[in-house]
Amino acid sequence: MANIAAKRIKREFKEVMKSEEVAGGSIKLELINDSWTELQGEIAGPPDTPYEGGTFLLEIKVPETYPFNPPKIRFMTKIWHPNVSSVTGAICLDILKDQWAAALTLRTVLLSIQALLSAAEPNDPQDAVVAKQYREDIRLFNLTASHWTNVYAGGPTVIWEFNQKVQVLIEMGIDEDQARVALSTFEWEIERATEHLFS
Amino acid sequence: MNCDQFYSVFRHPYSITNLASVQNNTSNKMSAESDMEYSDNDGDDYDYYGEQDDCDMEAVDRTKSDPEYFLYTCLRVEEVEKLLNESIELLSNSLQITPSLAKVTLHAYEWNAQEIINKYKENANEVLVYSRVKSRSPVLQASTSRSSCAVCANTPPMHKYSALACGHYFCNDCWAMHFEVQIMQGVSNTITCMAQDCELRAPEDFVLSHVTKPNLRERYQQFMFKDHVKSHPELRFCPGPNCQWIFRAWTREGARRVECQGCELLTCFSCGAPHHAPTDCPTIRRWLTKCADDSETANYISAHTKDCPKCQICIEKNGGCNHMQCGACRHDFCWVCLGDWKSHGSEYYECSRYKEDPNMSSDSQHAQAREALKKYLHYYERWENHARSLKLEEQTLASLKSRINQKVMAGEGTWIDWQYLWDSAKLLKRCRYTLQYTYPFAYYMDNGPRKELFEYQQAQLEAEIENLSWKVERAETTDRGDLENQMDIAEKRRTTLLKDFLEFHTTTASSSKV
Ligand SMILES: [Zn+2]
Ligand SMILES: [Zn+2]
Ligand SMILES: [Zn+2]
Ligand SMILES: [Zn+2]
Ligand SMILES: [Zn+2]
Ligand SMILES: [Zn+2]
């Protein structure tokens with residue numbers, strides 16, 4: 001790994017560790033290997049959002065050319081959000097792409113991702129299905145996002161109706177994650193979800 | 001030819017120097033045309049009548065006879081470099097700014113030097129801000145420290161820092177690395193400052209003062225040139241593979257045919273797609289996207305063999321002509337619809353027209369989808385088929401060339417004697433090309449009298465092209481007069497259709513740039 005990248009990451013790691021956000025428990029950063037090329041981030045779901053109470057893990061890969069190119073970051077925890085792929089966890093965020101600046105740091109990036117959870121950008125979607133629901137039925141979107149936060153990120157809000165519907169599909173022999181994606185996509189209508197899964 | 005029209009053109013020659021001086025004037029062609037109509041005839045210019053410029057005469061001739069005629073030039077890289085340098089010099093001389101700064105502003109203002117000069121005299125600051133070489137807000141003193149570099153965390157001595165006009169200082173090593181990474185990714189004119197949320201662009205001299213590797217400097221200059229051509233409304237790279245030629249023209253509206261001097265590719269200057277008259281630019285983009293999306297559905301059509309509809313023997317198509325004659329039973333039929341050819345030779349050629357099913361039950365969604373697919377496939381099949389015929393005619397052209405050469409070698413006349421054969425094959429190619437592009441046009445047309453007229457003309461053109469194709473493939477045994485007559489008819493049908501349906505929308509050059 002390039003000298004400058006490792007040096008920067010070490011310094012940024014310290015910066016995050018000393019930050020007030022870490023002290024307050026809203027973000028965390030952990031090293032995955034000794035060569036400073038891979039880290040794991042953790043952000044708390046912001047208050048007054050369907051993500052509240054959940055903990056979301058992020059995979060952070062540092063390229064050779066860091067900080068002249070952005071780090072590669074994706075959600076490891078499944079999340080229902082217009083700017084995050086519900087399947088791969090890929091994030092659509094301008095500072096991770098063309099708006100990246102070498103002077104940006106991991107701390108600012110983690111905080112920006114956290115801010116994205118509070119304020120989605122449905123017009124620049126990563127997941128078109130989620131974005132459509134967000135625009136057309138925000139109530140159902142919030143319920144679905146809460147449900148995902150509960151199931152995958154340890155959030156407190158249990159939505160029994162959704163759990164039961166997922167269970168119905170599991171009993172038909174469908175994989176749990178697939179069942180949840182299909183139901184979330186088809187407005188929690190079992191008939192349409194199964195029609196899609198079996199077609 | 002009418003004398004008035006003739007000489008007014010000499011007063012408004014379509015010469016490059018004349019047009020180049022009126023940059024960004026999209027109504028050029030129009031104003032020249034209206035001048036033709038209302039030209040005064042006081043005789044002052046009469047002397048020039050004698051000094052006819054061949055080029056201009058040809059231009060006048062061709063605008064009348066060829067509805068696709070479009071004024072353009074094919075330039076080499078060096079010629080374009082010279083052209084760009086002239087603008088750069090003009091600007092840096094008249095505004096007393098560095099050539100590097102001139103380049104940034106020209107890029108930002110799409111090479112409209114005159115606009116920059118005017119605006120600069122009014123408000124120089126605004127021009128620099130718009131070109132992103134100056135911050136809109138005043139520079140904060142010491143907005144970044146010069147004791148440690150925010151990018152690498154090193155602490156080099158003060159003099160090893162530099163900054164753009166925004167005052168964001170970073171160490172020189174970091175600038176060098178930043179530029180290297182950007183250049184390797186193909187970025188040149190739009191490399192920005194390294195500070196967060198700073199959109200300032202690094203001008204050429206700043207970049208080159210930090211980049212020392214010769215191969216990197218060269219790459220940077222190359223990308224820069226490409227970027228300049230792309231940002232210039234009068235220029236477009238020939239999209240041919242590995243082709244270095246660049247087209248220059250003065251409008252970007254409607255289907256505009258330009259032919260590359262190097263690779264002979266036909267391109268639309270307005271949008272960069274393969275030339276597509278009579279279809280317009282947005283429509284051809286829609287059509288090509290649709291074809292790419294539906295390629296699998298349509299794949300089954302691309303068979304090269306079909307069975308003779310009469311004796312069922314398998315026939316392979318090896319020429320461009322769609323008038324097929326079965327080798328076994330001598331049955332004449334149409335390759336496209338497998339119908340009897342007799343029904344195609346008559347005045348009303350039915351093969352190209354899509355007949356919607358009148359009994360279609362409008363309530364069933366499935367039936368509607370099926371009907372939509374049927375309609376698409378009808379047009380797609382014909383589009384595809386003409387594209388394939390066009391390729392086959394390319395081969396016809398090549399074999400014709402060698403046959404003519406053989407004749408000439410054997411003493412059977414000279415090339416000039418056989419030129420008409422060559423011309424007929426070229427003309428056939430041109431006609432079929434236009435015919436191919438009538439199909440997407442018809443597909444997106446609304447039903448009504450205009451579509452009926454279009455399909456009538458299309459059918460006429462198609463019939464004459466197939467007649468011509470039949471004759472060209474048997475050219476040596478066809479009577480020369482007969483062939484030339486057929487050439488004439490086909491080309492007339494083609495130009496009539498284009499004259500009636502080729503439209504140039506009046507969008508401005510800059511807004512239609514893709
Ligand atoms: Zn530095
Ligand atoms: Zn800056
Ligand atoms: Zn070319
Ligand atoms: Zn076009
Ligand atoms: Zn037959
Ligand atoms: Zn036919």
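- Only the side chain of B:Val181 comes within contact range of chain A, with at least one heavy atom under 4.5 Å from a heavy atom of that chain.
- Interface remark: B:Cys198 contributes no atoms to any contact with chain A (heavy atom separation under 4.5 Å).
- Atom CE of A:Met17 has more than 12 heavy atoms from other residues, nucleotides or ligands within 6.0 Å.
- Residues A:Phe68 and B:Cys174 share a closest heavy-atom pair of CE2-O, 3.2 Å.
- A:Ala103 approaches B:Val151 most closely through the heavy-atom pair N-CG2, 4.1 Å.
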Between these two chains, chain A and chain B, I want each donor-acceptor atom pair under 3.5 angstrom written on its own line with its distance.
residue	atom	partner	partner atom	Å
A:Lys7	NZ	B:Asn154	OD1	2.2
A:Arg8	NH1	B:Val151	O	2.9
A:Arg11	NH2	B:Ala150	O	3.2
A:Asn69	OD1	B:Gln185	NE2	2.9
A:Ala102	N	B:Met194	O	3.3
A:Ala103	N	B:Met194	O	3.0

